[in-house]
Amino acid sequence: MRALTKVSLGLAGLAGLLVLVELLPRLGLVDDRYLPPTTRILGALQDEISTGDLWRALGDTLYAWAIGLLIAVVAGVVAGIAIGAVPVLRAATASTVEFLRPIPSVALIPLAVLLYGTDLGSTLLLVVYAAFWQVLVQVLYGVADVDPVAAETAHSFRFTTWGRIRYVLWPTALPYVFTGVRLAAAVALILAVTAELVIGAPGLGQSIAVAQSSGAIPTMYALIAVTGLLGVAINVAARAFERRSLAWHQSVRGEIPA
Amino acid sequence: MLEVKGLRKVYRSGSGDVEALRDLTFHVDTGDLVCLVGPSGCGKTTLLRCLAGLLDPTAGTVRIDGHEVAGPPPGLAMVFQEYGRSLFPWMSVRDNVELPLKQKRIPRTRRLELVGEALDAVGLAGTESSYPWQLSGGMQQRVAIARAVAYEPTTLLMDEPFAAVDAQTRADLEDLVRSLWQRLRVTILFVTHDIDEAVYLGQRVVMLSSSPTVVQDELVVDLPAARDQLHTRADSRFTALRTHVYEQIQAAKRGRPATTV
Amino acid sequence: MIKKLAYAVGLPLILFVLWFVLSNGSENFYAPPLKDILRAFADTWTPERLRADVVPSLLRLAAGYALAAVIGIALGVAIGLNRRLRATLEPVLEFFRAIPPPVLVPVIMLFAGIGNGMKVIVIVFGCIWPILLNTVEGVRAVDSVQADTARAYGITGPARIARVVLPSASPQIAAGLRQALSIAIILMVISEMFAASNGLGFTIVQFQRSFAIPEMWSGIILLGLLGFALSLLFRLAERRALRWYDGLREAQRRS
């Protein structure tokens, strides 16, 4: 299939969704108090944009997302390399990581509320907790992927620990770090919006909760669509960033027979 | 009986058409073993996919046992070059061989009989419950051959089946194909890029030109039916035939027919 | 063997002891002594409590997750096998996947009220996307030689889907199911925090609102244990179902 056909089919699909949402309530198939038609949702979006409420909420969400992601990535990479560089540490922490990782981050919501109330801190606690594991686990995979020949080469040339990390461990783990960042970016957004929605920290999630409780249903749908678009934008950007950063690495990988 | 008449295949793409096969006409008699050789990139894979009904030709016809091919014909089995990808890794050896038979709605007892016989015939009895990837490359290709044999085809297409196995395994597998052919009397079209292999295995050798492909030359291999790796390959007639095929292939690469015999 | 066991339980044991010792005599209202939390755990999560709050949560989780898996895989196969359909729907599906699932709770509350149905629908809607998109991707990526083999041997129709397409896509589908499981647990808790009269999420929030801090901690620990147990179960099931895949990967790495 040509690229052009693919793009136009994709656009047709999106247009179809908009038309469907317009028609379902208009034809009375769905109660328009529950699902307002597309045009009314767009109108509500227009209002949110013109009053500036949208930008404020979006800014708050992005701020919490970015800070949380940054903390999680730095902590995840440092912890991952440190654990990965020392085999004893890796063996000793494996079970703890396996135990802590699947703990649902939302379990921490009550704790976050008690500690930080509706402040940014609540959002950050959840975002950092959820995103940290994504990065850490990928870095650990990366470190485990170090070519034994490369490791032995470094050993035979009597590399220092720092040299081993700098020239062997880090380059091998780098692609995994990028994958971890991409996964963490998506998870961080989910948790940021969730925290705002459930706890009431400022941001898109809180605006959605307010719109819902005050019966402004078109506004609620408009804001949900914005979170979806934000999610798509973050995914696309993270993927592009990953591909660009790893262009050299993919070509190297291509030479290794499967 | 496999008949190919005026076969032509043009791939259409955005940046202009590519003519892979120009005009191919040849046939394989019922019960014959014909080898197809050609320079690399001569459209062998395209040709085989057309014969197997996996690809629609642009022009021309393929007939198997008198029926024109449109979609995979029932009496045809195929052995692919990429054995590792052609066997289903999620199934045991037995299930791999048995699955096509299930599709033919053969009753269970007969299926198990066929699977057993086929695995026996390729020397793999006892590996039924292993997974393909637990076997060596040569053994995996034997499984693929067993699958084809158990299918009880009238015609067997083999697409460079031994290109990816080591030399010694290859010699064993060549002898296996000869002996299966003699025992089962199936029609075999064997595609290879190896000239020695073509002359050693075939009753006839069909040489292809480089792409866009036509038939460059045909040759009857007048060696005795009983062949073995040591004596056949040392035979002076074998060397002469081999030289002929070699020169034709070299000429095909340059794009004109050679004149020696 | 003993060494392996020591490594596995060593650090958790040390952390547990550290927590126990350091929190002992803690005056901090929010971080009560572990001793108190453990006592609260035993007092709170009695068999009656488990039956009244944990079992309903788990049933809703199971129903939503199972429905999402069945619908997601069925739709994913249909979409993955049709190139035009895939090109048309992919952007829409990517959009739905990118919506943070918890924001679906207020929407679905509008339609389905606050009963069990709402919570199950929330779980289905939230965790179907990774399953669906991974299935599409897995079906699309069926190896060309495998597809040719199936066609050449007359393996078509339902047999092709059951014996070739689904097994070939299964590693990818399993990855989708794994992502979906953690989303399902999150949604189980969130939907109960919003509106419920029973369930784990409801109970934990009640403890927090009434400042029953040790009980709240015990709830968090229970939720953690649950998440761990479910992911362990999933891993066991996955390893069993994908034994061929692990073996194949291992064989390819050796060669």
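In this text the structure is predicted, and so the values were computed from the model without any measurement. These numbers come from the heavy atoms of this one structure, side chains and all, not from hydrogens, waters or symmetry mates. Throughout, protein chains are lettered first and strands after them, A, B, ... in sequence-line order, and every chain is numbered starting at 1.
- With a 4.5 angstrom heavy-atom cutoff, A:Val30 touches chain C only via side-chain atoms.
- Contacts between A:Ile217 and chain C at a heavy-atom distance below 4.5 Å involve the side chain alone, from C-beta outward.
- The part of C:Val189 that comes within reach of chain A is its side chain, from C-beta onward, which places non-hydrogen atoms under 4.5 angstrom from that chain.
- The contact between A:Ala92 and chain C is made by backbone and side chain atoms together, counting heavy-atom distances below 4.5 Å.
- The parts of A:Ile224 that come within reach of chain C are both its backbone and its side chain, each placing non-hydrogen atoms under 4.5 angstrom from that chain.
- For a residue to count as touching a neighbouring chain, one of its non-hydrogen atoms must lie under 4.5 Å from one of that chain's; by this rule C:Arg235 touches chain A with the side chain only.
- Per-residue counts of heavy-atom pairs under 4.5 Å with chain A were compared for C:Trp217, C:Phe228, C:Phe96, C:Phe207; the largest is that of C:Phe228.
- Under the 4.5 Å side-chain criterion, counting only non-hydrogen atoms from C-beta, C:Leu11 is not in contact with A:Ser95.
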Test side chain to side chain contact (heavy atoms under 4.5 Å, CB included) on A:Gln212 and C:Met109 and set out the steps.
CA-CA 10 Å; A:Gln212 186 245 342; C:Met109 266 166 67; 3.9 Å; yes
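- Within 6.0 Å of OH on A:Tyr141 lie no more than 12 heavy atoms contributed by other residues, nucleotides or ligands.
- Between the CD1 atom of C:Ile186 and the CD1 atom of A:Ile190 there is a distance of 7.0 Å, given to the nearest 0.5 Å.
- Here the straight-line distance linking atom CZ of C:Arg86 with atom NZ of A:Lys6 works out to 7.0 Å at 0.5 Å rounding.
- Both the backbone and the side chain of A:Leu35 have a heavy atom closer than 4.5 Å to some heavy atom of chain C.
- The side-chain heavy atoms of C:Val107 and A:Tyr221, taken from C-beta on, include a pair separated by under 4.5 Å.
- The shortest non-hydrogen separation linking C:Ala98 to A:Asn235 is CB-ND2, 4.3 Å.
- Within the 4.5 angstrom heavy-atom criterion, atoms from both the backbone and the side chain of A:Ala225 approach chain C.
- Only the side chain of C:Ile213 comes within less than 4.5 Å of a heavy atom in chain A; its backbone stays farther off.
- C:Pro102 places none of its side-chain heavy atoms less than 4.5 Å from the side chain of A:Val198.
- Counting heavy atoms of neighbouring residues, nucleotides and ligands inside a 6.0 Å radius, atom CZ of C:Arg239 does not exceed 12 of them.
- Neither the backbone nor the side chain of C:Leu89 has a heavy atom closer than 4.5 Å to any heavy atom of chain A.
- In this structure, the portion of C:Ser231 lying under 4.5 Å from any heavy atom of chain A is its side chain and not its backbone.
- C:Leu110 places none of its side-chain heavy atoms less than 4.5 Å from the side chain of A:Arg33.
- Atoms CG and CD, from A:Leu9 and C:Glu90 in turn, are 11.0 Å apart once rounded to the nearest 0.5 Å.
- If you measure heavy-atom distances from A:Ile234 to chain C, you find no contacts under 4.5 Å at all.
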Should A:Tyr34 and C:Ile108 be marked as a side chain to side chain contact (heavy atoms under 4.5 Å, CB included) after you check the CA-CA gap, both sets of side-chain angles, and the distance that decides it?
CA-CA 9 Å; A:Tyr34 297 161; C:Ile108 291 167; over 6 Å; no
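- More than 12 heavy atoms of other shown residues, nucleotides or ligands fall within 6.0 angstrom of atom CG in A:Leu27.
- For a residue to count as touching a neighbouring chain, one of its non-hydrogen atoms must lie under 4.5 Å from one of that chain's; by this rule C:Phe211 touches chain A with the side chain only.
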Go through C:Gln208 and A:Leu111 one step at a time and tell me if the side chain to side chain contact (heavy atoms under 4.5 Å, CB included) criterion holds.
CA-CA 8 Å; C:Gln208 173 235 317; A:Leu111 186 66; over 6 Å; no
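- The shortest heavy-atom contact between C:Gly224 and A:Pro104 is CA-CD, 4.4 Å.
- The part of C:Leu15 that comes within reach of chain A is its side chain, from C-beta onward, which places non-hydrogen atoms under 4.5 angstrom from that chain.
- The closest side-chain heavy-atom distance from C:Met193 to A:Pro110 is below 4.5 Å.
- When each of A:Leu114, A:Val113, A:Leu115, A:Leu197 is checked for heavy-atom pairs under 4.5 Å with chain C, A:Leu114 comes out on top.
- For a residue to count as touching a neighbouring chain, one of its non-hydrogen atoms must lie under 4.5 Å from one of that chain's; by this rule A:Ala91 touches chain C with backbone and side chain alike.
- Comparing A:Val226, A:Ile109, A:Leu191, A:Val187 by heavy-atom pairs within less than 4.5 Å of chain C, the highest count is held by A:Ile109.
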Go through A:Val236 and C:Glu94 one step at a time and tell me if the side chain to side chain contact (heavy atoms under 4.5 Å, CB included) criterion holds.
CA-CA 10 Å; A:Val236 169; C:Glu94 285 289 346; over 6 Å; no
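- Residue A:Leu14 touches chain C through both its backbone and its side chain, counting heavy-atom pairs closer than 4.5 Å.
- Using a 4.5 Å cut-off between heavy atoms, A:Val193 touches chain C through its side chain atoms alone.
- Between chain A and the options C:Ala6, C:Pro101, C:Pro91, heavy-atom pairs under 4.5 Å are most frequent for C:Pro91.
- Surrounding CZ of C:Phe202 are more than 12 heavy atoms belonging to other residues, nucleotides or ligands, all under 6.0 Å away.
- The residue among C:Ile190, C:Leu226, C:Leu104 with the most heavy atom pairs within less than 4.5 Å of chain A is C:Ile190.
- The environment of OH in A:Tyr63 is sparse: at most 12 heavy-atom neighbours from other residues, nucleotides or ligands sit within 6.0 Å.
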